[in-house]
Amino acid sequence: MVDLKFIRENTDAVRKVLADRQTDAALDELIDLDTQWRENLTHTQTLQAHQNQVSQQIAQLKKEKQDASETIAEMRKLSQDIKERTAEANKLKSDIDAILLTIPNMPEESTPYGTSEDDNTEIKTWGEKPSCDFDLKPHWEIAEQLDIVDFQRGAKVAGSNFVLFKGLGAKLERALIQFMLDLHTTEHGYTEVSPPFVANRPTMTGTGQLPKFESDMYRCDRHEENPDSDLFLIPTAEVPVTNLFAGEILSVDELPIYYTAYTPCFRREAGAYGKDTRGLQRIHQFDKVEMVKFTTPETSYAEHESLLKNAETVLQALGLVYRVVQHCTVELSFAAAKCYDIEVWAPARERYLEVSSCSNFEAFQARRANIRYRPEAGAKPEFVHTLNASGTALPRVVIALLETYQNADGTVRLPAVLQPYMGGLKQIG
RNA sequence: GGUGGGAUGGCUGAGUGGACGAAAGCGGCGGUCUUGAAAACCGUUGUGGCGCAAGUCACCGUGGGUUCGAAUCCUACUCCCACCGCCA
């Protein structure tokens with residue numbers, strides 16, 4: 001979340017950000033509540049100071065075996081008054097916090113202004129789009145012909161847009177996961193973690209999925225016998241991994257921390273039906289290898305660049321064509337200050353598909369999850385900066401692989417880096 | 001699922017109604033000594049809010065409650081540990 005003090009002192013700037021992001025939050029109400037809260041607080045605390053003083057006097061009187069009943073009777077009324085005012089202050093503060101949680105992050109200054117994805121800035125392209133002397137088939141046809149994905153039966157057991165990987169398709173998923181994790185742990189200095197695939201409400205709030213995007217999440221473990229249970233299937237490993245240090249104060253020499261994790265990701269994709277959903281493009285459960293960094297504020301933007309490179313390396317090793325775009329204001333996700341997308345080229349349908357979102361959240365998530373570090377011994381703790389990037393999401397990489405490396409006879413070549421993970425296999429089919 | 005024991009500052013751990021934001025030890029930082037280091041000794045060392053400031057308030061797992069006053073008493077919950085049962 002954004003620092004309340006910052007909002008108080010830069011209200012107009014925040015208002016502009018809300019407009020640029022085409023989002024709404026109860027900013028005026030927030031400012032109003034904040035004023036009320038501070039007035040109430042100051043007054044209440046003056047009363048409390050008095051109460052504390054008199055309590056000392058009562059203790060003194062009792063020690064001297066004197067009668068304090070008169071003073072105590074007076075204090076009874078004050079005590080009640082304080083209780084009511086404190087309750088009011090707490091209510092105001094929790095209303096303030098509720099609004100604060102709905103205010104998106106402030107974009108970093110290089111973020112271009114824009115009103116649609118067309119306003120994203122193309123930063124670079126890599127590789128050459130393949131030319132071909134036969135008609136390219138879309139990935140779902142290739143996959144069904146090779147019998148490596150079963151769309152029908154996936155939908156049968158879980159619903160539409162759930163898929164079944166089968167045979168070499170399932171093995172390809174496993175190979176990609178292994179390849180990506182090995183790359184990040186051995187070449188890029190990440191520590192592999194395997195977190196829970198479900199997360200509780202504070203965890204989901206820490207990274208920014210809640211409270212605004214609850215309808216996009218799968219909720220589990222909630223039924224009549226267990227009404228208070230509050231677990232969600234994770235939409236990305238970012239959620240459990242970033243929250244690993246929630247509430248902790250890290251030492252500066254632990255930073256930066258690099259973690260990588262494979263997890264499945266679960267997304268309702270509410271409202272996305274009918275839009276780019278064919279085949280593997282938008283499915284409710286998909287595999288992803290994620291990278292998460294915890295850094296000092298001074299280094300986070302340099303770390304953001306190297307994080308992007310780490311993700312790019314995956315696609316380069318696989319020989320896939322891609323481009324990098326920087327999100328414009330309206331495309332920037334709720335929690336991000338700056339974000340690059342990596343989009344892989346799917347040649348059959350001639351379009352780019354997002355396979356990685358590479359974001360610097362600055363202190364936005366750290367403030368929500370209370371993740372701090374001590375810049376030096378004895379110094380005050382400060383919020384860390386958190387960053388993450390997919391490294392990468394699998395199904396769309398599979399799309400690109402199938403469409404890029406397809407042969408005229410329907411078989412699909414495997415890039416050299418994957419062959420060891422596929423038992424030496426050079427092609428599928 | 002059952003029974004019992006816990007949760008206190010960076011860590012260990014004392015504290016069962018007022019002198020406690022909290023003993024002691026470890027660790028950290030500064031110093032004395034030393035060519036330097038270690039040891040020893042001395043000092044220092046939690047977090048957050050409001051306030052221009054002086055200052056003040058809150059925080060001993062979390063939420064309620066009792067009381068003039070709660071780390072301490074009551075209550076509900078969460079998590080951790082141990083043992084039993086069940087189970088991949």
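Chain A is the first sequence line, chain B the second, and so forth, proteins listed ahead of strands; every chain is numbered from 1. Atoms considered below: every heavy atom in the structure, side chains included; atoms not considered: hydrogens, waters and symmetry mates.
Among the atoms of the strands shown, base atoms are found under 4.0 Å from some heavy atom of A/Ile58. Nucleic acid contact class of A/Ser79 (heavy atoms, under 4.0 Å, all strands): sugar-phosphate only. Among the protein residues, A/Glu376 comes within range of no part of the nucleic acid, since none of its heavy atoms lies under 4.0 Å from any strand. Residue A/Lys77 is classed as having no contact, given no heavy-atom separation below 4.0 Å to the nucleic acid. Within 4.0 Å (heavy atoms only), A/Lys62 reaches at least one base atom of the nucleic acid.
Rounded to an integer number of Å, the gap from CD1 of A/Ile82 to P of B/A70 is 10 Å. For the pair A/Gln51 CD and B/U67 P, the computed distance is 13 Å after rounding to whole Å. As rounded to whole Å, 9 Å separates atom P of B/C50 from atom CG of A/Asp3. Atom CD of A/Gln66 and atom P of B/C68 are 20 Å apart (whole Å). Spacing between atom CD of A/Glu84 and atom P of B/G64 amounts to 15 Å, rounded to whole angstrom units. If you measure from atom CG of A/Asp34 to atom C1' of B/C50, you get 10 Å, rounded to the nearest angstrom. We find that CG of A/Asp253 is positioned 16 Å from P of B/G10, with the value rounded to whole Å.
In this pair, A/His188 and A/His184 present their aromatic rings tilted. The plane angle is within the 30 to 60° band.
An OP1 or OP2 oxygen of B/U47 is reached within less than 4.0 angstrom by no side-chain nitrogen or oxygen of A/Arg372. The phosphate of B/A58 has OP1 or OP2 within less than 4.0 Å of a side-chain N or O from A/Asn52. An OP1 or OP2 oxygen of B/G9 is reached within less than 4.0 angstrom by no side-chain nitrogen or oxygen of A/Arg374. OP1 and OP2 of B/U67 both lie 4.0 Å or more from every side-chain N or O belonging to A/Arg76. Checking the phosphate oxygens (OP1, OP2) of B/G48, a side-chain nitrogen or oxygen of A/Lys380 falls inside 4.0 Å. Considering only side-chain N and O atoms, A/Lys83 lies nowhere under 4.0 angstrom from the phosphate OP1 or OP2 of B/U67.
Across all strands shown, B/G85 forms no Watson-Crick or G-U wobble pair with both distances under 3.5 Å. Both distances falling under 3.5 Å, in either a Watson-Crick or a G-U wobble arrangement, place B/C29 opposite B/G43. Pair assignment for B/G48: B/C57, on the basis of Watson-Crick or G-U wobble contacts that are both within less than 3.5 Å. B/U16 makes up no base pair with any nucleotide shown, lacking Watson-Crick or G-U wobble contacts both under 3.5 Å. Base pairing annotation: B/U78 forms a Watson-Crick or G-U wobble pair with B/A7, both donor-acceptor distances under 3.5 Å. Base-pair partner of B/A22: not found among the strands shown (Watson-Crick or G-U wobble, both distances under 3.5 Å).
Spacing between B/A22 and B/C74 at atom P, rounded to whole Å, works out to 25 Å. B/G48 and B/G43 are spaced 27 Å apart, taking the C1' atom of each and rounding to whole Å. To the nearest whole angstrom, the two P atoms, one in B/A71 and one in B/A19, are 10 Å apart. Using P as the reference atom, B/G4 and B/C77 are 15 Å apart when rounded to the nearest Å. The same atom, C1', is picked in B/G30 and in B/G49; the two are 30 Å apart, to the nearest Å. Separating the P atom of B/U66 from that of B/C20 is a span of 27 Å, rounded to the nearest Å. Here, B/U45 and B/G10 have their C1' atoms 11 Å apart, quoted to the whole Å. Nucleotides B/U35 and B/U44, compared at atom C1', are 28 Å apart to the nearest Å.
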**Report entry** Stepwise side-chain hydrogen bond (donor to acceptor under 3.5 Å, both in side chains) test for A/Tyr340 and A/Glu305
**Finding:** CA-CA 9 Å; A/Tyr340 297 117; A/Glu305 296 300 320; 2.6 Å; yes
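Checked against the 6.0 Å centroid threshold, A/Phe364 and A/Phe334 count as a close aromatic pair.
Between A/Lys5 and A/His50, it is A/Lys5 whose nearest contact on RNA chain B lies nearer the 5' terminus. Summary of the strand contacts: A/Glu382 and A/Lys63 both lie near RNA chain B, and taking for each the nucleotide with the nearest heavy atom, the more 5' one is attributed to A/Lys63.
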Show every donor-acceptor pair shorter than 3.5 Å between a side-chain atom in residues 66-73 of chain A and any protein atom, with sequence neighbours excluded, or say none if there are none.
{"unit_1": "A/Gln66", "atom_1": "NE2", "unit_2": "A/Glu64", "atom_2": "OE1", "d": "2.9"}
{"unit_1": "A/Asp67", "atom_1": "OD1", "unit_2": "A/Ser69", "atom_2": "N", "d": "3.2"}
{"unit_1": "A/Asp67", "atom_1": "OD1", "unit_2": "A/Ser69", "atom_2": "OG", "d": "3.0"}
{"unit_1": "A/Asp67", "atom_1": "OD2", "unit_2": "A/Ser69", "atom_2": "OG", "d": "3.0"}

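In the model, A/Asn310 has no side-chain atom that pairs as donor or acceptor with a side-chain atom of A/Thr313 under 3.5 Å.
Checked for salt-bridge contact, A/Glu214 and A/Arg201 meet the test: a charged N lies under 4.0 Å from a carboxylate O.
Closest to the side chain of A/Trp37, out of B/G18, B/C50, B/U56, is B/C50. Each of B/C50, B/G10, B/C68 was ranked by its minimum atom distance to the side chain of A/Ile72; first place goes to B/C68.
For B/G18, the base has no donor-acceptor partner in the side chain of A/Gln60 [N/O atoms by modelled type, under 3.5 angstrom].
Only one option out of A/His327, A/Glu331, A/Gln326 pairs with A/Thr111 in a side-chain contact (heavy atoms from CB on, under 4.5 Å); it is A/Gln326.
With a 4.5 Å cut-off on side-chain heavy atoms, A/Leu172 and A/Leu414 count as touching.
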